[in-house]
Structures are given as C-alpha cells and as structure tokens.
Amino acid sequence: MEKNTAPSSPSERILSSEIPSHLDQTVMVEGWLHNLRLFNDFAFVVLRDRHGVLQCVISSPDQLEIVRHLQMESVLRVRGKVIKQQNSEDRYELQDARVEVLNAVEEALPVIINKKEMNLHPDTLISNRPLTIRNLHQRAIFKLHGLAQQAYREYMVSQDCTEFFPPTILTGSSEGGSELFSVDYFGKEAKLSQSAQLYKQICIGAYERVFAIAKCFRAEKYATSRHLTEASQYEFEMAFVESIDQPLHFLQETIRTMVETIKEKGKEELELLGIKLLDVPPTIPQVTMQEAQEIVYKESNGKQDDRREPDMSPEGERLIGEWAKREYQSNFVFITHYPRKKRAFYTLPTPSNPELTESYDCIGGGFEIASGSLRINKYEDLRQSAIDKGILPETIEDYLNIFKFGMPPHGGFGMGVERFTQAILGYHNVREVTMFPRDVNRLKP
RNA sequence: GGAGGGGUAGUUCAGCUGGUUAGAACGCCACACUGUCACUGUGGAGGUCGGGGGUUCGAGUCCCCUCCCUUCCGCCA
C-alpha cells in the first residue's frame, strides 16, 4: 500500500488537492499537461492529476524552453514553491516551477479534452475514449458511476446479503427470452448469459439473501438510447418473502443509499457536472400498472392511451416519471402487478387474480431501470407455469430441478447498472455513462 | 426489423434554385505579448466533400447502389 501521510520532503509526490496544506513549502507534483498559456518571459503550466488541476508558473528562460513546444497530455514532474495566487484567497499555484518531462506527447491530439465542454459526437467521444476519459467532465461521470456500485455493495453487505459471482458462459437459456450470443467452446456451442436469474435463485437456497453485480449479454439489434449488447446488472434475491413489499422496500432503500452516497462522496463531481440530485422521498410512489396507465392517459390529455395494452410504452414511462417528479418530488416510481402474459414464467401469479403477477418495475428518470418479482417456488407450479407459457419443461429441466429440493418463497430484482447512472445523472444516451459501450456495431475500444 | 435525420479540414459545423480557387470556429504550426486561467493578437498549414456508379458542358449540391453515424418505435435492464 502507498503511504498516506502528508509528505514534507520535496522528493515525495503530493497531489493537487493537498496543495493548500503545503503553503510556502517547496513540493513535487506529477501529472499531465492539461493546458499551457505561454507569454514572452513566463508561462502558466496547468498540470492535471487524479484529484484536480494545478497552475504552475514558469519564469526562468531555460525552463521556458523545456515547456515551449510541449504537446498537451505530456507527462510531467514539477517542483515549485506553493503560494497563493495573486488577487485570490483560495487559489494556489507553484512559483518558479521547474519541469521534468517524464513522457512527451509527440503529435497533436485527435480531440481537444481540456475544455469544459468537448462538444463531440457520441461516436467520436467513444472512439477516442482513451483520451476523452481524461476530460474532467467525463472523468467525473465514471467516478460517480463507480460510487454507485460501491454504495450498492456496501448497502447489500450491511443488510446481511452475500455477494456471489454468476458464470457468464452457459449451455443454454435460463429464461428463453432474448437472443443469446454464441461462443465456440472447444468445438461445442456455448451461450453468453443474459441474466443471473437461475444462479441467484440457486444461491438463496444457501444464503437466503444474495447479491451480484453481473454482466449480461443480449444479442438483439436494439438501436435505442438505452440499450447495450453488453450491460451490467445489480442483482438481488431474498428468501422467505410473502409480499412484494419486502423486496420493494429493499429496492427503495438500495436506491436511497446509492443516491445519498453519491451526493456525499461525489460532491465535487456533481458540482463540476452541474447536476443537483433529487433526494429519494421517504416512500417512493407506487402504483399498479393499471393505475399507471390511467395516470398516463390523464397526463397526456388523452394522447397517450396504453390502457388496453399489457405494458407501458416508452412515452408512458416518461409521462409517469414526470408525474412522480411533480406530485411526489421523486425521480423514481414503482409500478406493480404486470399482466402474466408480459412476465417470465417463473413470476408468481397474484393469488386473487391469476391474470396478474406479483411483479414490479422501477421507473427512474423516465425509463425502466429495474425489474423484479416474487417467484414461483414449488416445482409443480413452476412446471405448469412453463407449460402455460408454451415452454417445454424438458428444455428447462436443469432449472426446474432446483425446485424439487426445498426452495423457500422468494423474490428479488435486477437493476441496470448503466441505466441507474443514466437515470440519476439525467443523461439522454446510456452510452454517455458507459465507459466502453458495446452495441450492434461497436466492439472497440 | 420499421420510420425519420445526417456523413464536408484533426474536431464541431456552414455551404441557397448545380457554376469557376469549398468556408468559419476551435485545435495544430510560426511569430508577438509581464498575471493568464476557454489568455490575447498577427500570419500559416491542413479537404479523394463516407465509398461506388450515373445524369450534365459542369456535381459537395440531382438520381441509383452501398457503408457508417444518429433519433424514434418494436423490446428491455
């Protein structure tokens, strides 16, 4: 591990964030050439490290020559004395800086990354990811994205959940849902997992409460602003639940913890991005799908009518999101009790109305970010449900067999990792919050 | 899979009913500049107008084919 004490020796690197506590001391910093403002007899070298940027003032002719022809993003080591900037109480700089070039960039950058707004096409942004990730805005997005994942883990662990890692190379489909990617597996055909569903259900048989941050792959040519072919999911499953209230409460508190953690630990990044996160209300509004469709109908003054549809339309999701924001100051809303025909065969039907299910989605930022349900836990019921859905039990034998050996009542959810970040930060395209997105036409970088 | 919009300099874009040498801003290069912080000023380099075919005296501009990007729908996390 690195030493984490504040060094006082000039031979030891300090970070830009530590500068204020070294006033009047000579320090050494390392980082990238973020900007260079050159004058006749002096220059401002702006250095960027993992915490921020620092202005260094070059004033001697020999040092000026070193810096004069440097390209941006060259790697530098700079020594100088920490002083307060002229006419400023809270800004610091290095005086009489001496520069050592650790790795000079030899050619012009393909994109400008030291401006606040890069103003690039999404395609250019991603194709140049090795560079654009260094942009302060871009860097902040993925810092917050990482904080969300950290918060998810911490909350799950605090609730006595056990983390596990599902496999992604499988023999076939566990849900029979979307298209799967095929991979050559020593001459046999294997599939990439589209969901950790099977494995999290297996795991509650031992641990009762489990979670995972799992990759899932969908070989479908969706060309939308919210689909990836390779995505990640916050998976959760808990045993001994009798009502959807339990997993929904879990989901609500998960979201709350994630939002609060980001607000607290991501203060600087949020400020930089100009994003103000809405607090999660004590109770996230919850409506049945039927109620949601009525609300959408009214919200749109009759223009959007999904009331005879078995599901919400994207426009409907957007409208119900606006409704929740206006009526409950909530960025999130739960929709429950979807029709059985829209849900996977393992979803528990509603006892009082078998046409409906004990299921729920979470709408965040105006689109679906999470989905879950109570599950059928008895072998015969599950087998019959598969048959009702037109699935041959023989084709899902491995899955069905789990339920012969004492599966408790259980339920859970899966929440899109990228979509969650997209929802709370309010970005239009999921690729903007995905560092290395994979979609129909993109396999690199 | 369906329907729109688009592809012009490194980047983001303008380019009219087809017309002579295709422009701007930022970036890059050179020079000037004593406090900038999106530094400023002057000058310069940089283009197979996505690719292929066609119409025409003449195509960035019109037509056909093709590739790519993007938005929306289907679908879903």
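Chain naming here is simple, since letters A, B, ... match the order of the sequence lines and numbering starts at 1 in each.
Residue F236(A) is tested with F413(A), Y155(A), F211(A) for a ring-ring contact (aromatic ring centres under 6.0 Å, His included); the sole match is F413(A).
Sequence order on RNA chain B of the closest nucleotides to H121(A) and Q95(A) puts H121(A) first from the 5' end. Sequence order on RNA chain B of the closest nucleotides to V111(A) and I83(A) puts V111(A) first from the 5' end.
The side chain of P314(A) lies closest to G74(B), out of G74(B), G27(B), U36(B). With distances taken from any side-chain atom of R37(A) to the nucleotides A77(B), C26(B), C37(B), the minimum falls on C37(B).
Counting non-hydrogen atoms under 4.0 angstrom, N119(A) reaches the backbone sugars and phosphates but no base. Among the atoms of the strands shown, only primed sugar atoms or phosphate atoms (P, OP1, OP2) are found under 4.0 Å from some heavy atom of H428(A). When heavy atoms are screened at a 4.0 angstrom cut-off, Q86(A) is found touching base atoms of the nucleic acid.
Put simply, the side chain of E107(A) and the base of G10(B) share no donor and acceptor less than 3.5 Å apart. The base of C76(B) lies outside donor-acceptor range of the side chain of Q233(A), with no N or O pair under 3.5 Å. Counting distance only, with no hydrogens placed and no angle test, the side-chain atoms of R218(A) and the base atoms of C76(B) include no donor-acceptor pair under 3.5 Å.
The aromatic rings of F39(A) and F42(A) lie parallel to each other, with less than 30° between the two planes, well short of the 60° mark.
For L272(A), the side-chain contact (heavy atoms from CB on, under 4.5 Å) test picks out L136(A), H137(A), A140(A), with sequence neighbours left out.
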Check your understanding: Please, what dot-bracket string fits RNA chain B when only Watson-Crick and G-U pairs with both distances under 3.5 Å count, crossing ones use [ ] and pairs to another strand use |?
Key -> (((((((..((((.....[...)))).(((((.......))))).....(((((..]....))))))))))))....
